[in-house]
Structure formats: C-alpha cells, structure tokens
Amino acid sequence: MVPNLITALTGPINELEQRMLDAMPAIERWFRLEWMEHTPPLYSSVDIRNAGFKLAPVDTNLFPGGWNNLTPEMVPLAVQSAMAAIEKICPEARNLLIIPENQTRNPQYLANLVQLQHIFSMAGLNVRIGSIDPEVKETIKLKVGNKDLVIEPALRHGRRVGLKYFDPCTILLNNDLSTGAPGILEEVYEQFVLPPLHAGWSVRRKSRHFQSYEEVAKRFGKLMGIDPWLINPMFSSRKGVDFTDGSEHALDELREDVDVMLTKVRRKYKEYGIKETPFVVVKADNGTYGMGVMSVHDAKELRQLSVKTKNQMSLVKDGQQVHDMIIQEGVQTVERMDKEAAEPVVYMIDRYVVGGYYRAHSDKGAEDNLNVPGAHFIPLSFEHGISPGDSVGASAPNRFYMYGVVARLAMLAASYELEATDPDAEIYD
C-alpha cells in the first residue's frame, strides 16, 4: 500500500512510528473497510509535519500540481493507480480531458501537466489538455524540456465539455476553481468531472476538512490505542476577520481565538512533558499556494502586524479577499535535508500512495511555513534492497510508511468532507 522510500529520518524509530509498523496488518484492513463505504478523491497530495513527538497533516490538496517532482521510478506506481481509478469510474473510458490552471506559463506547472498527461496516457487513455481560461482562444504549442505540450481551448457542446473533435468520458480538473466554477463546467451531468466542483476553493473550507480529519483521527486513535492528538493538529475557525481594518479592536476576536488555542497546546505539551514553545498558525480558511499564512507564538503579536503582513494575510490566489481564518495548532518539523528545514509531501491516486518529495527552504526554520517562494523540492526514491553482509531476511523498516498512513487518513477525511458538502447528495430519512 505504501512504497518504501528513502526519508530524511536516520535516528532510532520512535514509539508512534513503531506502533504503526507493528500494527500494519490491522491498519491496512481498517483502510480496506473504510474504502468499502467511502470513495477516495481521484488524486490528492498531503503536506505533513513531523515534530518528533507528533506527526500530523497540515494541508490537503485535492487539485495537486507538482507531479513533475516525482522520480521516474514512481511513474509505474502512479500509472497502476490511475488505471484502478479509471476502471472504477468509467471502465469503457477512452478519452480524458485535463483542465489546467488559468495563466499556465509557469515552467514548473507546465512540467506538472506533462507528467499528468503521461501518467494517464500510460493508463490507456487518449489525454488532451483543454483550458477554460477566456484568454485562450486558439491552440497553444509549448516546448517543456524535451517534451511537447499542447493546450487547446475547451468547448461546451450541449451538456458536455470537450475540444474540437474530442469528446471525453472523464474531465480531470487540475484547476482549484479559486474564483468559482465557471459556467462552462456547470451542469455537466453526462460526463464525470473529477474532483467535483464543490471540491474547489470557492466552496471548500480547511476548517471543514480538519473537522472531518478530527473524526477520522479519533477512530484511528481508538484502533491504535493512542491519543488522537499525536496525529491531529487542534484547530478553530473565525469568520469575518478584516486585516485591512486599522482600528485598535479590529482583530480582538482573532487574538482571543489564538490565546485559547495556545492555552490548549500548552496543556498538551505539559501532559507529555514537551519542552518546545507552543505556536499556532493563522491561515486563510480557503486557498492554496501557502498564501495568507503566518505563525504566532503570542496573541499580542497580532497587535503589532506591519501593513505588509496585513495585506499578505488579506489576499490569496487570484487576488481573492480573505475574511474567514483557521487557527491551527503549529507543528514544527524536525526533518532536515542538507541542513534545510524540510517537510514531506505525499502524493496519492485513488486510495494508493504513489510517491512523494520533501519541500525544503534554506531561509526558513522549523516553525515556518515552507510553502513560499524560494522553496525547492527533493524527490524521494525507493529504498533499495539489503546491504551486503546483512543476514538473510534482514530488511530496514519502511520509514515512509507512517507518512503514507497519515496521508491516507487525510485523504479519507477528504472523502468524508466531499460527501458531507455534496450539493447533489441523496438524502435518506
């Protein structure tokens, strides 16, 4: 279920990790039973922070880019998983249309599209890329490395979306719909649109996701006999925050929320004898790309925010104004890649872990948001075989396994979340 990848971890296995490794058969059975009742997102990625004493997801992306950061040896895993997903959704599928982000000239993002197209092509589909950007009115041909990338304008034909002379069975969104679902994608009932439109950031909220994750963590904690806090970042949310209001009492409610959360974290640290300084992360309740995020150690810090910080906190992708915030327990990272603070990012297709990489940043520390400009990515490769001189049957434990478990818990929470927020869900009394 989880590939054995090389991680930055080299020290002794801690108690939480050992418990997961020992309970592997029970964990895998638990996941199998969950997937009999819930549908995983078609694909996802999860940012994970390992504090040594605690391991938790801090963000779950349902429109993951960055597929170009997986090593070539991961591609067969991704292809197999893509085949399994497509067989469940549309067994007779021939054509797949990928809808990319608008303004797609970022070289890294274009490389991501090339990789996505390759993965689903190898899964046996005719894959083309169709942009819903109103500015794209004719075919764009680009060179990405040594690969050709063709982006065509998407067209609406009645109740279907496709390209000129191309009618897909399934539409794969690699566009997080931050500004809302455009009309071209609405009321498309004759094709599979994945992820669904209500997974977009114009509808989705991180607080709803972590509410679902809290439920999953409690159930998993009961299975494992552990305190769910060890895998779950505590959080609260606050609506109607205005960082642009310069009045003295503008952020009083947010300061109060931060103070309450810090008190809860201090209590937990005391319970476990943790000497680190607690902090919380205040971030936009919707949105991605690490925008609208800051770390806070004391509620008083919110009285001394610079104009620049306030402006950064009030806007996310595409200039969207932010008024809803999530106040999340901060989880530091103890992992380092070449002495740089790093955090693992785990990639999944359907219910399978297909690879991952480390996001690292030379100018950031253990408590900082690493998903900011200047970050770079270190692909994780397979842990190969046993070393000469090892006894027969000897093998190192899968250090990546616990990341795969936590990532799949977050993916399961996403499936709970999407079911709960589905506007077309059937209601039974």
Side-chain angles (χ1 to χ4, degrees), residues 47 56-63 176-181 195-217 232-265 278-331 369 371 410 413-414 416-423 425:
D47 297 355
V58 292
D59 202 14
T60 301
N61 191 350
L62 300 182
F63 302 88
D176 63 20
L177 308 179
S178 293
T179 56
L197 298 186
H198 67 280
W201 281 122
S202 58
V203 176
R204 188 175 178 231
R205 292 294 178 268
K206 293 177 183 179
S207 53
R208 184 67 188 79
H209 173 74
F210 281 102
Q211 182 183 338
S212 296
Y213 184 80
E214 188 172 53
E215 180 185 343
V216 169
N232 179 37
M234 295 186 289
F235 78 97
S236 63
S237 60
R238 170 64 62 182
K239 294 182 181 295
V241 178
D242 188 355
F243 280 96
T244 61
D245 184 341
S247 65
E248 183 181 348
H249 301 290
L251 299 178
D252 279 354
E253 290 180 331
L254 183 61
R255 280 192 287 269
E256 187 177 319
D257 294 335
V258 167
D259 204 37
V260 169
M261 184 57 63
L262 283 169
T263 300
K264 288 181 179 179
V265 179
F279 69 103
V280 301
V281 177
V282 178
K283 54 187 174 182
D285 204 4
N286 65 315
T288 184
Y289 293 108
M291 300 176 74
V293 180
M294 66 177 176
S295 298
V296 181
H297 294 81
D298 190 311
K300 293 176 184 175
E301 294 172 25
L302 294 175
R303 292 187 183 277
Q304 301 152 359
L305 296 179
S306 67
V307 173
K308 180 181 178 182
T309 300
K310 287 182 176 181
N311 289 338
Q312 288 173 341
M313 291 300 296
S314 65
L315 295 173
V316 289
K317 186 185 167 199
D318 296 328
Q320 296 291 299
Q321 287 280 340
V322 175
H323 296 292
D324 298 347
M325 308 302 294
I326 180 171
I327 301 93
Q328 190 176 62
E329 173 191 354
V331 182
N369 171 29
N371 190 14
Y416 284 23
E417 170 196 358
L418 294 179
E419 289 164 11
T421 56
D422 185 354

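By the ring-ring contact (aromatic ring centres under 6.0 Å, His included) test, H297 is found to be paired with F279, residues two or more places apart in sequence or in another chain being considered. With sequence neighbours left out, D252 forms a salt bridge (charged side-chain N to carboxylate O under 4.0 Å, His left out) with R255. Taking the side chain to side chain donor-acceptor pair (under 3.5 Å) definition, one finds that E329 meets it with K54, W229, sequence neighbours left out. Residues satisfying the ring-ring contact (aromatic ring centres under 6.0 Å, His included) criterion with Y416, sequence neighbours excluded, are H38. Among residues two or more places apart in sequence or in another chain, the side chain to side chain donor-acceptor pair (under 3.5 Å) test is passed with Q328 by K283.
For the residue pair A284 and I326, the shortest heavy atom distance occurs at O-CG2, 4.0 Å. The two atoms that bring T309 and L305 nearest to each other are CG2-CD2, 4.0 Å, heavy atoms only. For the residue pair A413 and S212, the shortest heavy atom distance occurs at O-CB, 3.4 Å. Of all heavy-atom pairs spanning H198 and D422, the tightest one is NE2-CA, 3.5 Å. The two atoms that bring T60 and W201 nearest to each other are O-CZ2, 4.5 Å, heavy atoms only. In this structure, G200 and L177 approach most closely via the heavy-atom pair CA-CB, 4.1 Å.
For the pair D259 (side chain) and A299 (backbone), a donor-acceptor distance under 3.5 Å is absent. Remark: side-chain polar atoms of N286 are not paired, donor with acceptor, to backbone N or O of R205 under 3.5 angstrom.
Counting non-hydrogen atoms of neighbouring residues, nucleotides and ligands closer than 6.0 angstrom, the NZ atom of K310 exceeds 12 such neighbours. Other residues, nucleotides and ligands contribute over 12 non-hydrogen atoms within 6.0 Å of the CD atom of E419.
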Steps toward side chain to side chain contact (heavy atoms under 4.5 Å, CB included) verdict (V265, M234): CA-CA 8 Å; V265 179; M234 295 186 289; 3.8 Å; yes

Do M294 and Q312 pass the side chain to side chain contact (heavy atoms under 4.5 Å, CB included) test, and can you show the C-alpha distance, the side-chain angles, and the key distance before you say yes or no? CA-CA 9 Å; M294 66 177 176; Q312 288 173 341; over 6 Å; no

Test log, rule side chain to side chain contact (heavy atoms under 4.5 Å, CB included), inputs E417 and F210: CA-CA 9 Å; E417 170 196 358; F210 281 102; over 6 Å; no

Could you go through H209 and D59, starting from their C-alpha distance and side-chain angles, then the distance that decides it, and tell me whether this counts as side chain to side chain contact (heavy atoms under 4.5 Å, CB included)? CA-CA 9 Å; H209 173 74; D59 202 14; over 6 Å; no

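Taking 4.5 Å as the limit, some side-chain heavy atom of L254 sits within range of a side-chain heavy atom of L302. Residues V203 and L197 fail the side-chain proximity criterion, which asks for heavy atoms closer than 4.5 Å. Side chains of F63 and R204 form no contact here, defined as non-hydrogen atoms less than 4.5 Å apart. Here the side chains of V241 and M313 are not in contact, with every heavy-atom distance at 4.5 Å or above. A heavy-atom distance below 4.5 Å is found between the side chains of P233 and Y213.
Counting only residues at least two apart or on different chains, the salt bridge (Lys or Arg N to Asp or Glu O under 4.0 Å) pairs with a member in residues 232-242 are R238-E253, R238-D257, K239-D324.
Summarising the geometry, atom CG belonging to N232 is positioned 11.5 Å from atom CD belonging to E215; distances are rounded to the nearest 0.5 Å. Here the CZ atom belonging to R303 is positioned 7.5 Å from the NE2 atom belonging to H249, to the nearest 0.5 angstrom. Within the model, atoms OG of S236 and CD1 of I327 stand 4.0 Å from one another, a figure rounded to the nearest 0.5 Å.
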